[in-house]
Peer 1: 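Sharing a structure here in structure tokens format.
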Amino acid sequence: MCIFCKIVNGEIPSNKVLENEEFMAFHDISPKAPIHVLIIPKQHIENFQSTPSEIMAKMTPFIQEVAKTLSLDKTGYRLIVNNGEDGGQEVMHLHFHILGGTKLLWPYLAPEKEAKKYV
Ligand code: 5GP
Ligand code: ZN
């Protein structure tokens, strides 16, 4: 069972923000911004690429509700999904990162040796 499935069933503790029957939001253990929360379906789905549109249709309003709960809806936030190897996905259970609480930077994300191509 993957670590996020263990968070869903309570085997691994988490600092929960919001939950309903199908989705859960909890604080990232290693935050990259003042507010950094992970939003997941309770059902194990490996990644964004394999996510059925019906799940996304229900996940969208849940994510918006999480943004409101965190008071990020007015100030703004960033949503990130890392998909697969090049995307840097480490946990193979679909999750959206919602980041905010400050004006976020938009750094070069490609390795330094490639970054100048995109200037
Ligand atoms: P990924 O790189 O797969 O997009 O992101 C995985 C995220 O899960 C990382 O930001 C990491 O800090 C977070 N994470 C990994 N293990 C745990 C855990 O046990 N609890 C919580 N709350 N977050 C975790
Ligand atoms: Zn899982």
Side-chain angles (χ1 to χ4, degrees):
M1 192 183 284
C2 91
I3 56 169
F4 287 177
C5 282
K6 286 182 181 170
I7 284 177
V8 169
N9 75 15
E11 224 175 296
I12 296 177
S14 68
N15 185 1
K16 240 179 263 179
V17 171
L18 199 68
E19 184 178 15
N20 68 15
E21 240 176 60
E22 289 172 288
F23 305 104
M24 201 173 149
F26 53 91
H27 288 273
D28 196 291
I29 206 169
S30 172
K32 307 284 190 293
I35 298 172
H36 184 176
V37 165
L38 302 173
I39 303 165
I40 65 168
K42 290 186 174 176
Q43 176 191 342
H44 181 88
I45 298 170
E46 187 154 319
N47 56 27
F48 182 77
Q49 194 57 34
S50 63
T51 301
S53 56
E54 309 83 71
I55 300 283
M56 280 316 304
K58 290 186 272 183
M59 207 166 175
T60 299
F62 184 78
I63 293 170
Q64 291 162 343
E65 196 57 39
V66 171
K68 275 191 194 158
T69 303
L70 296 167
S71 300
L72 294 176
D73 54 319
K74 301 279 190 311
T75 52
Y77 55 85
R78 188 167 298 161
L79 270 186
I80 296 176
V81 187
N82 296 325
N83 187 93
E85 195 180 339
D86 278 5
Q89 185 178 2
E90 286 178 355
V91 178
M92 296 301 153
H93 180 132
L94 173 68
H95 53 284
F96 283 77
H97 299 254
I98 184 167
L99 299 129
T102 191
K103 201 166 172 63
L104 296 166
L105 301 176
W106 185 242
Y108 293 117
L109 296 174
E112 215 176 329
K113 62 180 166 46
E114 292 177 34
K116 50 178 161 317
K117 284 191 221 164
Y118 310 110
V119 176

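Each ligand, and each atom within it, is numbered from 1 in the order the structure gives. These values consider heavy atoms only, across backbone and side chains, with no hydrogens, waters or symmetry-generated copies.
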Peer 1: Would the distance check show the side chain of N83 and the main-chain N or O of Q49 forming a donor-acceptor pair, the cut-off being under 3.5 Å?
Peer 2: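 Yes.
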
Peer 1: How far is atom 3 (O) of ligand 1 from the closest protein heavy atom, and which atom is that?
Peer 2: E90 N, 2.7 Å

Peer 1: Can you list the atoms of ligand 1 that are under 4.0 Å from a heavy atom of S30?
Peer 2: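 Per the distance check, 12 (O).
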
Peer 1: Please name the atom of H44, restricted to N, O or S, that is closest to the Zn ion (ligand 2).
Peer 2: ND1

Peer 1: Quick one: does Q89's side chain have a donor or acceptor within less than 3.5 Å of a partner on E46's backbone?
Peer 2: yes

Peer 1: Determine whether a donor-acceptor pair (N or O, by modelled atom type, separation under 3.5 Å) exists between the side chain of K16 and the backbone of S14.
Peer 2: no

Peer 1: Output the list of atoms in ligand 1 that are nearer than 4.0 Å to some heavy atom of H97, sorted by atom number.
Peer 2: 1 (P), 4 (O), 5 (O), 7 (C), 10 (O)

Peer 1: So, for I45 and T51, which heavy atoms are closest and what is the spacing to 0.1 Å?
Peer 2: CG2-OG1, 3.6 Å

Peer 1: Under a 4.0 Å heavy-atom limit, does F96 contact ligand 1 with its side chain, its backbone, both, or neither?
Peer 2: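 Looking at F96 and ligand 1, no heavy atom falls under 4.0 Å.
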
Peer 1: Anything under 30° is parallel, anything over 60° is perpendicular, the rest tilted; go ahead and classify H36 against H97.
Peer 2: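 H36 vs H97 ring planes: tilted.
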
Peer 1: Between H95 (side chain only) and H93 (backbone N and O only), is there a donor and an acceptor less than 3.5 Å apart?
Peer 2: yes

Peer 1: Counting each atom of ligand 1 from 1 as listed, which ones have a heavy atom of N82 under 4.0 Å away?
Peer 2: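 The list of qualifying atoms is 1 (P), 2 (O), 4 (O).
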
Peer 1: Could you tell me which N, O or S atom of H93 is nearest to the Zn ion (ligand 2)?
Peer 2: ND1

Peer 1: If you compare all heavy atoms of L18 against all heavy atoms of E65, which two are closest, and at what distance to 0.1 Å?
Peer 2: CD2-CG, 3.6 Å

Peer 1: Using a 4.0 Å cutoff against the non-hydrogen atoms of F4, which atoms of ligand 1 qualify?
Peer 2: 8 (O)

Peer 1: Please compare L38, I3, V81, I7 and report which has the shortest non-hydrogen distance to atom 20 (N) of ligand 1.
Peer 2: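 Minimum heavy-atom distance to atom 20 (N) of ligand 1 goes to I7.
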
Peer 1: Has ligand 1 got any nitrogen or oxygen that is less than 3.5 angstrom from a nitrogen or oxygen of F26?
Peer 2: no

Peer 1: Run the contact test for M92 against ligand 1 with a 4.0 Å cut-off on heavy atoms, strictly below, and give the result.
Peer 2: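 It does not; every heavy atom stays at 4.0 Å or beyond.
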
Peer 1: Between R78 and L105 (side chain of the first, backbone of the second, donor and acceptor by atom type, cut-off under 3.5 Å), is there such a pair?
Peer 2: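 Confirmed, R78 side chain pairs with L105 backbone.
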
Peer 1: Students should be able to answer this: which protein heavy-atom is nearest to atom 7 (C) of ligand 1, and at what distance?
Peer 2: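 Here the closest protein heavy atom is D28 OD2, 3.5 Å.
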
Peer 1: Taking heavy atoms and a distance under 4.0 Å, where does H27 meet ligand 1: side chain, backbone, both or neither?
Peer 2: backbone

Peer 1: Could you report the tightest heavy-atom contact between N82 and I80, atom names first, then the distance?
Peer 2: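 Answer, listing the atom of N82 first, then I80: OD1-CG2, 3.5 Å.
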
Peer 1: Can you tell me the protein heavy atom closest to atom 24 (C) of ligand 1 and the distance?
Peer 2: I29 CG2, 3.5 Å

Peer 1: What pair of heavy atoms forms the shortest contact from Y77 to A67, and how long is it?
Peer 2: CE2-CB, 3.5 Å

Peer 1: Tell me whether G88 reaches ligand 1 (any heavy atom closer than 4.0 angstrom to a ligand atom).
Peer 2: yes

Peer 1: Which residue owns the protein heavy atom closest to atom 5 (O) of ligand 1, what's the atom, and how far is it?
Peer 2: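 Here the closest protein heavy atom is H95 NE2, 3.1 Å.
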
